[in-house]
Amino acid sequence: MTLRFESTNLIFRTFEEKDLLPFFRYRSDPQVALYQGWDVPYSFEVAREFVAQMSAAEPGIPGEWYQLALEPKAGGEIIGDAAFKRLKADPRQAEIGLTLSRERQKQGYGLEATLRLLAYLFDDLGLHRVMATCDVENIPAARTLAQAGLRREAHFIEHLWYKGRWSSEFVYAMLNREWQEIKTPK
């Protein structure tokens, strides 16, 4: 099954074989990987397997991440990916994540992608709650989540051994009713 939707400047779509090289490049960037769940060097074979897996994956299976390639409407190769996972314990809730190539960071794409992904999850799928986590040192991610309207619900201090250090994380979340209020300001 393929999935496709758009925002002002981006096309969210199922991964395709042509995405392999740009995906491999941004996943191999140590700055991009710094707060992400993979390590560098990132293997080309792992990238190939990921793209093949996402190309064939079905979106929205509870407990499984689904990642969409982010393609600029202006043309060119993908600039990152947006991910969501419906919670296995309660599929009316989801977790989201976002990765952008270093060259496309600090240009507003993160906020645009986050808002459009929230619209898909709340408006199209009718979910009740969406949450996201980020390392407390990842200030741009925390800022983007707050700008998108998610509220900070938790600050876990040194709760996760991650990439050779104790990591602290923020948890952000939004309810569908909060999203509806943001969408239709008074």
Side-chain angles (χ1 to χ4, degrees), residues 7 9-10 12 23 26-40 42 50 59-70 79-183 185:
S7 64
N9 298 297
L10 297 169
F12 295 66
F23 175 78
Y26 71 75
R27 280 265 173 137
S28 298
D29 185 331
Q31 289 300 111
V32 172
L34 186 61
Y35 300 113
Q36 298 284 11
W38 66 86
D39 291 314
V40 290
Y42 193 76
F50 176 89
I61 296 175
E64 294 183 19
W65 282 101
Y66 185 80
Q67 289 175 249
L68 291 151
L70 296 175
I79 63 168
D81 56 84
F84 70 95
K85 174 180 69 172
R86 293 177 87 154
L87 303 187
K88 192 168 192 156
D90 185 352
R92 297 168 298 179
Q93 300 185 57
E95 182 174 359
I96 60 171
L98 182 70
T99 303
L100 289 174
S101 67
R102 188 174 354 168
E103 300 77 27
R104 296 305 184 110
Q105 294 176 8
K106 300 179 184 175
Q107 297 176 27
Y109 290 113
L111 180 58
E112 180 177 336
T114 300
L115 289 169
R116 184 58 182 98
L117 186 57
L118 289 169
Y120 171 72
L121 295 170
F122 286 129
D123 297 338
D124 296 342
L125 298 186
L127 298 189
H128 171 69
R129 182 175 180 274
V130 174
M131 55 95 54
T133 62
C134 71
D135 191 292
V136 298
E137 294 179 10
N138 190 348
I139 294 166
R143 185 180 311 118
T144 297
L145 293 168
Q147 288 175 334
L150 286 89
R151 97 190 89 66
R152 187 183 302 170
E153 289 190 334
H155 179 183
F156 294 114
I157 300 170
E158 295 184 10
H159 77 114
L160 178 67
W161 184 254
Y162 183 74
K163 296 190 177 184
R165 67 178 177 89
W166 284 107
S167 174
S168 298
E169 288 186 314
F170 291 136
V171 176
Y172 287 84
M174 179 184 284
L175 299 173
N176 188 308
R177 65 180 157 79
E178 295 168 319
W179 171 254
Q180 299 309 321
E181 290 172 13
I182 288 172
K183 269 187 9 177

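Any value given below was found using the heavy atoms of this structure, including those in side chains, with hydrogens, waters and symmetry copies removed. Since the model is a prediction, treat every value here as computed from it, not as a measurement.
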Residue of the set R92, K88, R86 for which salt bridge (charged side-chain N to carboxylate O under 4.0 Å, His left out) holds with D90: R92
Separation between CG of L121 and NE2 of H128, rounded to the nearest 0.5 Å: 14.0 Å
From CA spacing to verdict: side chain to side chain contact (heavy atoms under 4.5 Å, CB included), Q105, V32: CA-CA 10 Å; Q105 294 176 8; V32 172; 4.0 Å; yes
Point-to-point distance, once rounded to the nearest 0.5 Å, from CH2 of W38 to NZ of K163: 7.5 Å
Heavy-atom closest contact (P59 atom, F84 atom, distance): CB-CZ, 4.1 Å
Heavy-atom check, side chain of D81 versus side chain of Y26, under 4.5 Å: yes
Nearest heavy atoms of A83 and W65, plus distance in Å: CB-CE3, 3.6 Å
Exercise: identify the closest heavy-atom pair between I182 and G149: CD1-CA, 3.9 Å
Closest approach of L127 to A94 (non-hydrogen atoms, all atoms of both residues): CD1-CB, 3.5 Å
pair R151-L175: side-chain heavy atoms closer than 4.5 Å: yes
Backbone N/O of E103 and side chain of Q107: donor-acceptor pair under 3.5 Å: yes
Gap between atom CH2 of W179 and atom CE of M174 - 0.5 Å precision: 6.5 Å
F122 versus V130, closest heavy-atom pair with distance: CZ-CG2, 3.5 Å
Where M131 and T133 come nearest, the two heavy atoms and their spacing: CE-CG2, 3.9 Å
Cationic N near anionic O, under 4.0 Å, D123 to K183: yes
Nearest-0.5 Å distance, CD of residue E112 to CG of residue L117: 12.5 Å
Atom pair CG/CG of L145 and L118 - distance to nearest 0.5 Å: 8.5 Å
Ring-face cation of R27 near F50 (centre distance under 6.0 Å, axis angle within 45°): yes
Parallel, tilted or perpendicular: ring planes of F170 versus Y172, cut at 30 and 60 degrees: perpendicular
R165 and D135 ion-paired at < 4.0 Å: yes
Separation of L70 CG from I79 CD1 (nearest 0.5 Å): 6.0 Å
